[in-house]
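This report refers to the structure that appears directly beneath it.
Sequence positions, counted from 1, serve as the residue numbers for this chain. What you see is a predicted model; the values in this text were computed from it and never measured.
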Amino acid sequence: MFATKFLKKINFDNYEDYRQNAAPNVPENFNFAYDVIDALAIESPDKVALIWNDDSGDKKTFTFRDLARASNAAANFLAGRGIKKGDCILLFMRRRWEYWILMLAMHKMGVIPIPSTNQLKAEDIKYRIQMADVKTIIAFDDGYVINEIQNAIGDDDIQLISSVDVATGIDTAPTTFTRVPNEITDTMVLYFTSGTTDMPKMVAHNFAYPLGHINTALFWQRLNDNDIHFTLSESGWAKCSWGKMYGQWMAGAAVFVFDFAGRFTAHDLLNAISENHVTSFCAPPTVYKMLLHADLEKYDLSALKKADIAGEALNPEVYERFLRATGIKMREGFGQTETCVMLFNNQWIEPKPGSMGMPAAGWDIELLDERGRPVPDGTVGEICVSLKNNRPVGLFQGYHKNDKQTAAAYRDGYYHTGDVAFRDNDGYFWFVGRNDDLIKTSGYRVSPFEVESVLLEHPAVREVAVTGIPDPSRGQAVKATIVLNKYFQPGDVLVRQLQNHVRSRTALYKYPRVIEFVDSLPMTISGKIRRALIRTLDSAKATIIEPVKDSLGINKEEK
């Protein structure tokens with residue numbers, strides 16, 4: 001386990017021992033590609049690092065020696081194309097095996113990769129080109145994305161390199177490469193945020209960033225030398241760095257990649273897990289819901305021992321159903337594109353379904369009110385990272401070329417996440433939502449996630465998004481936008497059943513006074529519900545309930 005080189009110890013007696021002693025040290029001028037991958041190529045040259053399959057049946061396996069040699073060749077190839085230290089390169093590689101080799105090559109060169117999803121449109125791509133001053137784009141030969149890239153480039157002098165050219169370069173270029181020195185504070189990678197509430201921002205991580213993912217892989221995902229870990233994320237998202245590269249290789253685990261075009265099915269995913277003897281899996285709750293709709297007993301999941309949740313908060317109903325089906329207790333983790341894992345259900349505590357868990361080592365998390373004051377347990381506050389005693393390893397440097405946005409996030413000795421939560425009396429943190437998503441009704445603050453979790457317990461509800469709509473008497477009222485399961489029909493009777501279901505399980509002011517049935521929910525390209533868009537559409541439709549009477553016929557506010 002290579003991570004031991006950066007930790008005082010790896011075995012801890014309890015959570016407090018871990019919190020006090022598991023923050024990694026950061027060597028001067030650390031570079032993950034040289035100091036981890038190349039070192040592992042010498043120490044464990046034949047150990048499998050990457051197992052790649054695609055949906056057409058192609059397969060490749062890479063050892064650490066393979067990765068070291070191939071990344072050197074890729075670096076020589078890129079240098080031959082005029083790419084140099086400090087250049088920003090857009091990558092559109094889906095889940096192609098070349099992505100991992102390109103990332104390592106760029107780290108060696110000091111080139112700044114900008115991983116991007118193949119789902120972007122021409123306008124999205126043009127925005128990224130302009131914001132990051134991009135002169136080169138590397139893309140998988142996918143007809144859709146190549147067309148969008150070419151439309152974005154237009155007549156601009158931008159170099160477009162195909163994945164076919166990259167593969168040829170890896171096969172033919174020299175496999176030795178002279179180390180390019182870097183400072184630990186140099187920008188190593190840029191990620192654009194998904195832009196759910198504003199235009200996407202450029203998140204800059206420095207060369208210490210991979211070491212922050214020791215928490216992610218060793219202590220949240222609990223990986224070791226015998227594991228094969230599978231995180232579903234596409235390469236265009238920071239979650240790929242979380243689960244398919246840095247921490248996993250430092251933990252000694254092999255990374256499994258399933259590359260598929262378009263949408264996958266539960267069968268595809270379960271078959272990949274079964275055939276490749278995956279031991280550890282991580283995906284958003286929506287994926288687990290899809291798996292639970294399949295017949296899990298048809299697949300050999302005996303190798304699977306660990307399952308984790310990230311991307312959105314975990315509904316307790318999903319947790320309980322997966323536990324009954326597999327015997328595995330899912331462990332939720334929380335972080336952002338700007339961070340590594342900040343909060344998670346660690347191995348020293350019993351996971352509470354729906355809770356984010358407790359702070360990771362090196363992360364001093366506080367919940368603050370609007371005036372920047374800590375809130376008591378049980379009270380909702382913004383999740384903030386205190387910088388007063390230390391700066392956590394893996395926290396982003398700032399928003400690239402935007403001092404104003406950086407200053408707004410870093411103020412008064414804290415990094416302000418914009419997410420809100422509460423802490424219970426046992427020290428567990430519970431996600432409430434984005435600040436903008438909170439519903440303020442009759443003086444109360446309602447978490448969309450809390451109401452969504454209750455609604456998902458009802459057999460009629462397949463997917464749901466809860467938002468606030470204007471209400472003259474309450475300020476806002478709770479609205480649920482629902483996708484139904486098969487065999488359920490929308491109508492007034494079902495509306496009343498769902499409202500009563502929520503009323504029977506939560507405070508009366510939280511139940512949805514308006515319910516809309518839809519065929520699908522609007523999602524970001526990373527698969528998160530776009531509640532802001534639902535609010536915008538409702539405003540355009542003037543979706544306002546009557547000030548006195550709602551669908552249950554209640555004539556005064558119930559609290």
Could you check whether [X] pairs with [Y] (Lys NZ or Arg NE/NH1/NH2 to Asp/Glu carboxylate O, under 4.0 Å)?
{"X": "Asp227", "Y": "Arg222", "answer": "no"}
{"X": "Asp426", "Y": "Lys352", "answer": "yes"}
{"X": "Asp38", "Y": "Arg179", "answer": "no"}
{"X": "Lys329", "Y": "Glu350", "answer": "yes"}

**Request:** Please name all residues satisfying salt bridge (Lys or Arg N to Asp or Glu O under 4.0 Å) with Asp55, sequence neighbours left out, ordered by chain then number.
**Result:** none

**Prompt:** Does the ring center of Phe281 lie less than 6.0 Å from the ring center of Phe230?
**Reply:**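 Centroid separation for Phe281 and Phe230: below 6.0 Å.
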
**Asked** Does the gap between the ring centers of Tyr415 and Phe396 come in under 6.0 Å?
**Response**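 Under 6.0 Å, so yes.
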
Quick one: side chains of residues 264-274, donor-acceptor pairs under 3.5 Å with protein atoms, not counting sequence neighbours, listed by atom name and distance.
residue	atom	partner	partner atom	Å
Thr265	OG1	His267	N	3.4
Thr265	OG1	Asp268	N	3.0
Thr265	OG1	Asp268	OD1	3.4
Thr265	OG1	Asp268	OD2	3.0
His267	ND1	Tyr299	OH	2.8
Asp268	OD2	Thr265	N	3.1
Asn271	ND2	Glu275	OE2	3.2
Ser274	OG	Asp300	O	3.1

**Item:** Residues which pass side chain to side chain contact (heavy atoms under 4.5 Å, CB included) with Asp295, listed by chain and number, not counting sequence neighbours
**Value:**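 Asp295: side chain to side chain contact (heavy atoms under 4.5 Å, CB included) contacts with Glu297, Lys298.
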
**Asked** Taking side chain as C-beta onward, heavy atoms only, is Ser241 less than 4.5 Å from Val189?
**Response** no

**Heavy-atom closest contact (Met342 atom, Gly335 atom, distance)** =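 Minimum heavy-atom separation between Met342 and Gly335: SD-CA, 4.1 Å.
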
**Item:** Shortest non-hydrogen contact from Leu190 toward Cys88
**Value:**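 Here Leu190 and Cys88 meet closest at CD1-SG, 4.1 Å.
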
**Complete:** Rounded to the nearest 0.5 Å, the CD atom of Gln221 sits from the CG atom of Asp308 at a distance of 5.5 Å

**Asked** Can you tell me how far CZ of Arg331 sits from SG of Cys282, rounded to the nearest 0.5 angstrom?
**Response** 13.5 Å

**Request:** Just do the salt bridge (Lys or Arg N to Asp or Glu O under 4.0 Å) check on Glu366 and Lys388 with the steps written out, would you?
**Result:** CA-CA 12 Å; Glu366 296 185 30; Lys388 295 173 182 176; 5.3 Å; no

Would [X] count as a cation-pi partner of [Y], with NZ or CZ less than 6.0 Å from the six-membered ring centre and within 45° of the ring normal?
{"X": "Lys60", "Y": "Trp97", "result": "yes"}
{"X": "Arg128", "Y": "Phe192", "result": "yes"}
{"X": "Arg95", "Y": "Phe260", "result": "yes"}

Any donor-acceptor N or O pair under 3.5 Å, side chains [X], [Y]:
{"X": "Tyr191", "Y": "Glu338", "result": "no"}
{"X": "Asn21", "Y": "Asp17", "result": "yes"}
{"X": "Lys108", "Y": "Ser71", "result": "yes"}

**Prompt:** Would Asp58 and Asn53 satisfy side chain to side chain donor-acceptor pair (under 3.5 Å), going step by step from the backbone distance to the final call?
**Reply:** CA-CA 6 Å; Asp58 287 346; Asn53 291 1; over 6 Å; no

Give the table of side-chain donor-acceptor pairs shorter than 3.5 Å for residues 321-328, with sequence neighbours excluded, one pair per line with atom names and distance.
residue	atom	partner	partner atom	Å
Thr326	OG1	Phe322	O	2.8
Thr326	OG1	Ile328	N	3.1

So [X] and [Y], would you call those rings parallel, tilted or perpendicular, with 30° and 60° as cut-offs?
{"X": "Phe6", "Y": "Phe2", "result": "tilted"}
{"X": "Phe344", "Y": "Trp220", "result": "tilted"}
{"X": "Tyr414", "Y": "His416", "result": "perpendicular"}

**Asked** Who pairs with Ser235 by side chain to side chain donor-acceptor pair (under 3.5 Å), at least two apart in sequence or on another chain?
**Response** none

**Message:** Could you go through Thr279 and Leu304, starting from their C-alpha distance and side-chain angles, then the distance that decides it, and tell me whether this counts as side chain to side chain contact (heavy atoms under 4.5 Å, CB included)?
**Reply:** CA-CA 4 Å; Thr279 65; Leu304 189 66; 5.9 Å; no

**Message:** Glu457 vs Asn315, test: side chain to side chain donor-acceptor pair (under 3.5 Å). Steps then yes/no.
**Reply:** CA-CA 9 Å; Glu457 295 173 3; Asn315 300 103; over 6 Å; no

**Asked** Who passes ring pair (Phe, Tyr, Trp, His ring centres under 6.0 Å) against Phe219, sequence neighbours left out?
**Response** Phe12, Tyr18

